[in-house]
Colleague: 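Below is a structure I'd like to ask you about.
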Amino acid sequence: MKKGKKKKFFSKETLFKIFKFKVVDFIIIPVVALIIATLILTPKINLVGKKVVVLNYKDSYVEKGAKVRFLGSDITNNLDINSNVDTSKLGEYEVTYKLKGFIIPISKKRVVKVVDSSKPVISLEGDKEVKLCPNKKYEEQGYSALDNVDGDLTKKVVVTAQDNKITYEVKDSSSNISKVTRKLVYEDTESPVINLNGLNEVTYTVGSRFTDPGYSAVDNCDGDITDKVKIEGDVDTNTVGEYTVTYSVSDSASNSASVSRKFKVTNSISPDSGVKKPGVIYLTFDDGPQEGTTNVILDILKEEGVKATFFVTNKGPDYLIKRESDEGHTVALHTATHDYATVYASADSYFNDLQSVHDRVFNITGIDSRIIRFPGGSSNTISRRYSNGIMSYLTTEVLNRGYRYYDWNISSGDAGGTTDPNQVYLNVVNNLSHDRPNMVLCHDIKTHTRDALRNIIKYGKDNGYTFEAITMETYMIRQRVNN
Ligand code: ZN
């Protein structure tokens with residue numbers, strides 16, 4: 001019974017079952033084991049950084065590499081990295097990481113995308129906010145568009161105008177859009193400008209005919225609006241006095257401007273008016289200013305504390321006329337050109353020329369000079385060549401116009417007689433008198449006069465003379481008119 005029971009335990013069926021189980025087992029287990037072994041034994045490439053890298057155009061690609069471990073040790077050195085990334089061209093690139101020394105190919109890839117995410121740049125010429133006159137159309141001031149990839153996109157800029165706004169829009173080949181706007185402000189806040197012809201102060205002698213020297217008005221938006229100028233104030237040239245005339249104007253935006261001008265009506269000059277000062281020396285210098293002589297003469301006068309009178313022309317530098325005035329001398333008028341043929345061609349010609357030098361002096365010094373000397377003096381005969389009797393007319397007319405003219409009673413001879421400073425000195429000092437004003441003719445364009453000046457002054461001081469500049473109160477030393 002016991003034997004039988006044992007036999008039953010190792011029965012054929014049982015053995016078969018065991019055997020059958022083992023057959024299945026021997027097929028599955030090795031396969032599973034092989035797979036597991038392959039998984040464990042195949043080295044794995046681990047990328048450092050992202051699998052997909054997005055770079056901007058022209059950015060630099062930095063290879064971060066990969067790590068490989070196999071059976072506990074680092075075999076990163078066996079990696080072969082291949083890349084053709086070119087960030088100067090848009091596109092998709094691959095970086096491949098291959099492991100050397102294995103029968104089975106083991107590799108990994110990284111994708112690098114080079115894209116353009118930069119917008120084009122639109123540059124506007126002129127202001128972003130443009131102020132315009134209400135009556136004017138905006139004229140395009142210009143623009144340009146530049147893209148990092150496409151280059152110059154100026155021609156692709158779409159310009160639209162709406163609601164006092166101009167919009168400039170452009171798209172690059174990667175669909176990056178740029179947009180800038182320019183604002184148009186229509187307004188006129190600027191006042192017109194009134195320009196007066198001639199001087200801000202005009203002098204007439206009593207009885208002359210009033211003529212306004214004229215004016216003009218310009219507006220930034222309306223242009224010439226001279227015809228809109230309104231004039232207020234009257235000038236009575238028959239009554240001595242000071243008058244103010246006001247010129248005002250408004251533009252179409254109601255901005256206004258106004259300027260005024262003074263008109264003086266004076267008595268005509270009486271030929272024998274003025275104060276005679278015996279023993280006074282009036283040093284007068286004609287035909288300047290001139291660099292190299294006038295400046296030295298001014299230095300000497302300053303050092304000696306002596307005031308003189310300069311009858312200037314339109315020649316020479318402005319600064320010397322300024323100096324003459326600033327240093328207390330009298331800046332008087334000779335004529336602009338000092339050209340006999342011009343100044344004595346006619347009375348009009350003379351007064352135009354005189355006005356020119358008058359305006360020069362006024363512009364430099366702010367002084368309305370009425371003290372004059374005729375080229376060649378009032379007794380000159382050269383004017384006969386150009387206009388018969390002109391000196392007789394002019395010597396009266398200048399007085400009517402409020403000018404005082406001065407000839408001389410001592411000539412230094414510096415204009416023709418001599419070039420010797422000592423002779424110039426003698427010509428002056430030998431003719432000085434304590435019994436009359438001494439009106440001394442000199443020329444500040446002469447070096448010998450410049451070089452004689454110190455001694456002349458010294459002589460005058462040593463011999464009880466005083467020096468003065470001519471003023472409107474100075475008696476007029478006049479010669480006999482010969483034409
Ligand atoms: Zn002269």
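Note that these values count all heavy atoms, side chains included, but never hydrogens, waters or copies made by symmetry. For clarity, every value in this text was computed on a predicted model and none was experimentally measured.
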Colleague: State, yes or no, whether a side-chain contact exists between Ile269 and Tyr405 at a heavy-atom distance under 4.5 Å.
Modeller: no
Colleague: By the definition side chain to side chain donor-acceptor pair (under 3.5 Å), identify the one residue from Thr342, Asn314, Thr313, Thr337 that meets it with Asp353.
Modeller: Thr337
Colleague: Short question: side chain of Thr294, backbone of Glu291 - any donor-acceptor pair under 3.5 Å?
Modeller: no
Colleague: Whether Lys322 and Asp318 form a salt bridge (side-chain N of Lys/Arg under 4.0 Å from carboxylate O of Asp/Glu) is what I want to check.
Modeller: no
Colleague: Is it the case that more than 12 heavy atoms not belonging to Lys461 sit under 6.0 Å from its NZ atom?
Modeller: yes
Colleague: Please walk me through it: do Ile231 and Tyr247 pass side-chain contact (heavy atoms from CB on, under 4.5 Å)?
Modeller: CA-CA 5 Å; Ile231 302 170; Tyr247 309 78; 3.9 Å; yes
Colleague: Using a strict threshold of under 4.0 Å (side-chain N to carboxylate O), is an ion pair present between Lys446 and Asp287?
Modeller: no
Colleague: Work out which heavy atom in Thr284 is nearest to a heavy atom in Leu441; give both atom names and the distance.
Modeller: OG1-CA, 3.7 Å
Colleague: Enter the distance from Tyr344:OH to Thr335:OG1 here, rounded to the nearest 0.5 Å.
Modeller: 7.0 Å
Colleague: Residues two or more places apart in sequence or in another chain: which of them pass side chain to side chain contact (heavy atoms under 4.5 Å, CB included) with Val52?
Modeller: Val111, Lys113
Colleague: Could you list all the disulfide (SG to SG under 2.5 Å) pairs where at least one residue sits in residues 360-442, not counting sequence neighbours?
Modeller: none
Colleague: Between Arg478 and Asp272 (salt bridge meaning N to carboxylate O under 4.0 Å), is one present in this structure?
Modeller: yes
Colleague: Going through the checks in order, is the side-chain contact (heavy atoms from CB on, under 4.5 Å) test met by Arg436 and Asn409?
Modeller: CA-CA 10 Å; Arg436 55 161 199 195; Asn409 50 23; 3.8 Å; yes
Colleague: Can you confirm if the aromatic rings of Tyr386 and Tyr340 lie within a centre distance of less than 6.0 Å?
Modeller: no
Colleague: Taking atom CD as the centre, does Gln162 end up with more than 12 heavy-atom neighbours from other residues, nucleotides or ligands that are less than 6.0 angstrom away?
Modeller: no
Colleague: So which of Thr246, Asn200, Asp212 actually passes side chain to side chain donor-acceptor pair (under 3.5 Å) with Arg261?
Modeller: Asp212
Colleague: Taking Lys277 first and then Glu473, would you say they form a salt bridge - that is, a charged N and a carboxylate O separated by under 4.0 Å?
Modeller: no
Colleague: Would Tyr93 and Tyr61 count as a close aromatic pair, with their ring centres under 6.0 Å?
Modeller: no
